[in-house]
Amino acid sequence: MYKIIQFVFLALLFSNTACTQKSFGPIPSKEQLAWHDKEFYLFMHFGPNTFTDLEWGHGSEDPNVFNPTAMDCNQWAGIAKAAGAKGIIITAKHHDGFCLWPSKYSTHTVRESKWMNGKGDVLKMLSEACKKQGIEMGVYISPWDRNHPDYGTPKYNEVYINTMKEILTGYGNFFELWWDGANGEGPNGKKQVYDFTRFKDSALKYQPQLVIFSDIGPHVRWVGNENGIINETNWNLLDTVGFKRGEGAPPNDTLNQGNYNGKHWIGAEADVSIRKGWFYHPGEDSTVKSGTTLFDLYLKSVGRGGNLLLNVPPNRAGLISSVDSAALLEFKKIRDQAFANNVFKSAKILRTKNSVEIHLKEPVIFNTLVLKEEISKGQRIVKFEVSGSNDLKYFNPISKGTTIGHKRIIRFPKQTIKYIRILVTESKATPLIRDIAAYQVENAH
Ligand code: FUL
């Protein structure tokens, strides 16, 4: 680590400076870069639990309990799109083992239910709806299976691979595969020893563009909590040697901030439910988070360089409830209003040895700064300071921060300032800022 020697403002200088910069440390793959750009997408927990009021089904439920009365994936995808979410990750199979598609490798599926006379296929309906709306789709396939008779034996690893193959070859490309860390007992009372190396090789053989989520990646990591909050200092780097998924994962605070010198690029994904539970429960309508609360979580996840995976569980009709969709649309409106008017848009940018100065013709009013680092060359910036002046003689401190990564949003009391200086005070290598914008955000915390 050394103090910076040069500051490159890429909006102006990307073509002749940043392109020639060598990368520093681990860098994201092109799929991971595309994943970072998604920023916000939805999670949907749906299955027998939706109808039995459980969070963890036992696997012995009658498949007939799964019977949505007005199932409409176009409604899900339409709401996701309207909320500005870039995709939907669906629980194709949760811990109860129930498959939302008619799997050949299970007898506990939509085919065994009376829903659509056993002819339904949620994955097919959702993949068509997402395609129609121009959003992407991801799948959660729980390794833990409380129904499958082979669970707890080496044979189950084959079953799991076949199950993935069926999904990954049958419904078009997915952007993300989600591996839950939970590993409990199956119907024979035994726990499974998962062959994650084979799982990973098989998944990537069928869909090489996938990013795979788990506690320790390989591509995207859990943030150590289910509150949707990432640490203010967030390295997209993680050491995974000696750690496992589930029990044996790195400590939660490590997952929440990454490793400063981590060997692998593994981005942070903050998962949280819009309601109390992951599955829909009729008694939890009053727990739906408001648009303002969701915006606060956005600032603490996307605004700290990670992605926000927001769970919005369909109800027993097979629809997103109106209270949830109203909150989602309010959240979208708050984001749109917050980031509508970049007050630095027509600023003059000056580069000095170790800082960027933004010079405006007239003082502008702002309380929020959005910074982006050029992460394709590695995550470098350790600390920065923001100060402001109206005469170019005295700069008063406004705020300071640590990591930037894909995006960093910092808030501070309202400023009326003509000259703004951003000083990188510590960086692992030449800092590469890709974008700087400022806003006056009225209606957030
Ligand atoms: C956890 C699971 O056990 C929950 O049921 C839920 O799916 C959540 C997203 O991950 O590990």
Side-chain angles (χ1 to χ4, degrees), residues 40-61 66 85 87-100 108 122-123 126 137-148 151 160 163-164 167 174-186 191-192 194 196 199 211-217 220-230 243-252 255-256 267-281 284 287-289 294 297 301 306-315 324:
F40 162 57
Y41 35 90
L42 301 187
F43 215 179
M44 293 203 185
H45 278 68
F46 189 52
N49 294 342
T50 311
F51 303 86
T52 54
D53 230 357
L54 294 175
E55 277 290 309
W56 281 7
H58 303 289
S60 50
E61 289 79 14
F66 183 82
I88 296 175
I89 299 181
I90 176 87
T91 52
K93 179 180 89 150
H94 201 253
H95 309 328
D96 59 14
F98 186 83
C99 301
L100 293 183
H108 194 52
V122 180
L123 296 189
L126 184 58
M137 182 170 162
V139 269
Y140 169 117
I141 314 173
S142 171
W144 182 22
D145 191 317
R146 301 176 97 176
N147 173 271
H148 206 284
Y151 188 87
Y160 188 80
T163 302
M164 283 197 306
I167 296 178
F174 297 106
F175 77 98
E176 185 169 325
L177 169 61
W178 224 86
W179 283 339
D180 200 296
N183 177 359
E185 291 162 3
K191 281 193 183 180
Q192 180 71 25
Y194 301 125
F196 273 116
F199 292 0
V211 296
I212 303 179
F213 165 100
S214 81
D215 293 338
I216 52 169
V220 177
R221 73 170 195 269
W222 187 48
V223 298
N225 67 58
E226 292 178 335
N227 310 326
I229 298 175
I230 300 176
F243 293 113
K244 291 185 179 155
R245 296 173 174 88
E247 278 170 36
N252 287 348
L255 292 172
N256 203 233
E269 183 184 82
D271 60 324
V272 62
S273 187
I274 198 167
R275 307 169 149 252
K276 184 162 172 274
W278 290 102
F279 284 86
Y280 173 83
H281 304 286
E284 293 183 356
T287 67
V288 171
K289 295 176 176 60
L294 295 174
L297 293 178
S301 53
N307 281 2
L308 173 62
L309 173 59
L310 177 64
N311 181 63
V312 182
N315 60 24
D324 304 56

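Whatever order the structure lists ligands and atoms in, that order sets their numbers, starting from 1. These numbers come from the heavy atoms of this one structure, side chains and all, not from hydrogens, waters or symmetry mates.
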**Prompt:** So which of Phe98, Phe66, Tyr280 actually passes ring-ring contact (aromatic ring centres under 6.0 Å, His included) with Phe51?
**Reply:** Phe66

**Stacked cation flag Arg245 on Tyr194, 6.0 angstrom / 45 deg** = no

**Asked** Roughly how far, to the nearest 0.5 Å, is the CD1 atom of Ile141 from the CZ atom of Phe174?
**Response** 7.5 Å

**Asked** Sub-3.5 Å donor-acceptor pair from the side chain of Asn256 to the main-chain atoms of Ile229, do we have one?
**Response** yes

**Message:** Need the ligand 1 atom indices (1-based, order shown) with element for anything under 4.0 Å from a heavy-atom of Tyr140.
**Reply:** 7 (O)

**Asked** Does ligand 1 have an atom under 4.0 Å from some heavy atom of Trp56?
**Response** yes

**Prompt:** Is a side-chain N or O of Arg146 found less than 3.5 angstrom from the main chain of Gly57, in a donor-acceptor match?
**Reply:** yes

**Item:** Backbone or side-chain N or O of His94 under 3.5 Å from ligand 1 N or O
**Value:** yes

**Message:** Could you identify the single nearest non-hydrogen protein atom to atom 6 (C) of ligand 1 and state the distance to 0.1 Å?
**Reply:** His45 NE2, 3.4 Å

**Message:** If only side-chain N and O atoms count, and only distance matters, is there a donor-acceptor pair under 3.5 Å linking His95 with Ser142?
**Reply:** yes

**Asked** Going by the atom numbers of ligand 1, which of them fall below 4.0 Å from some non-hydrogen atom of Phe43?
**Response** 9 (C)

**Prompt:** Nearest protein heavy atom to atom 11 (O) of ligand 1, by residue and atom, and its distance?
**Reply:** Asp180 OD1, 2.7 Å

**Prompt:** Identify the closest protein heavy atom to atom 3 (O) of ligand 1: which residue and atom is it, and at what distance?
**Reply:** His95 NE2, 2.8 Å

**Message:** Please determine whether any non-hydrogen atom of Phe279 lies less than 4.0 Å from an atom of ligand 1.
**Reply:** no

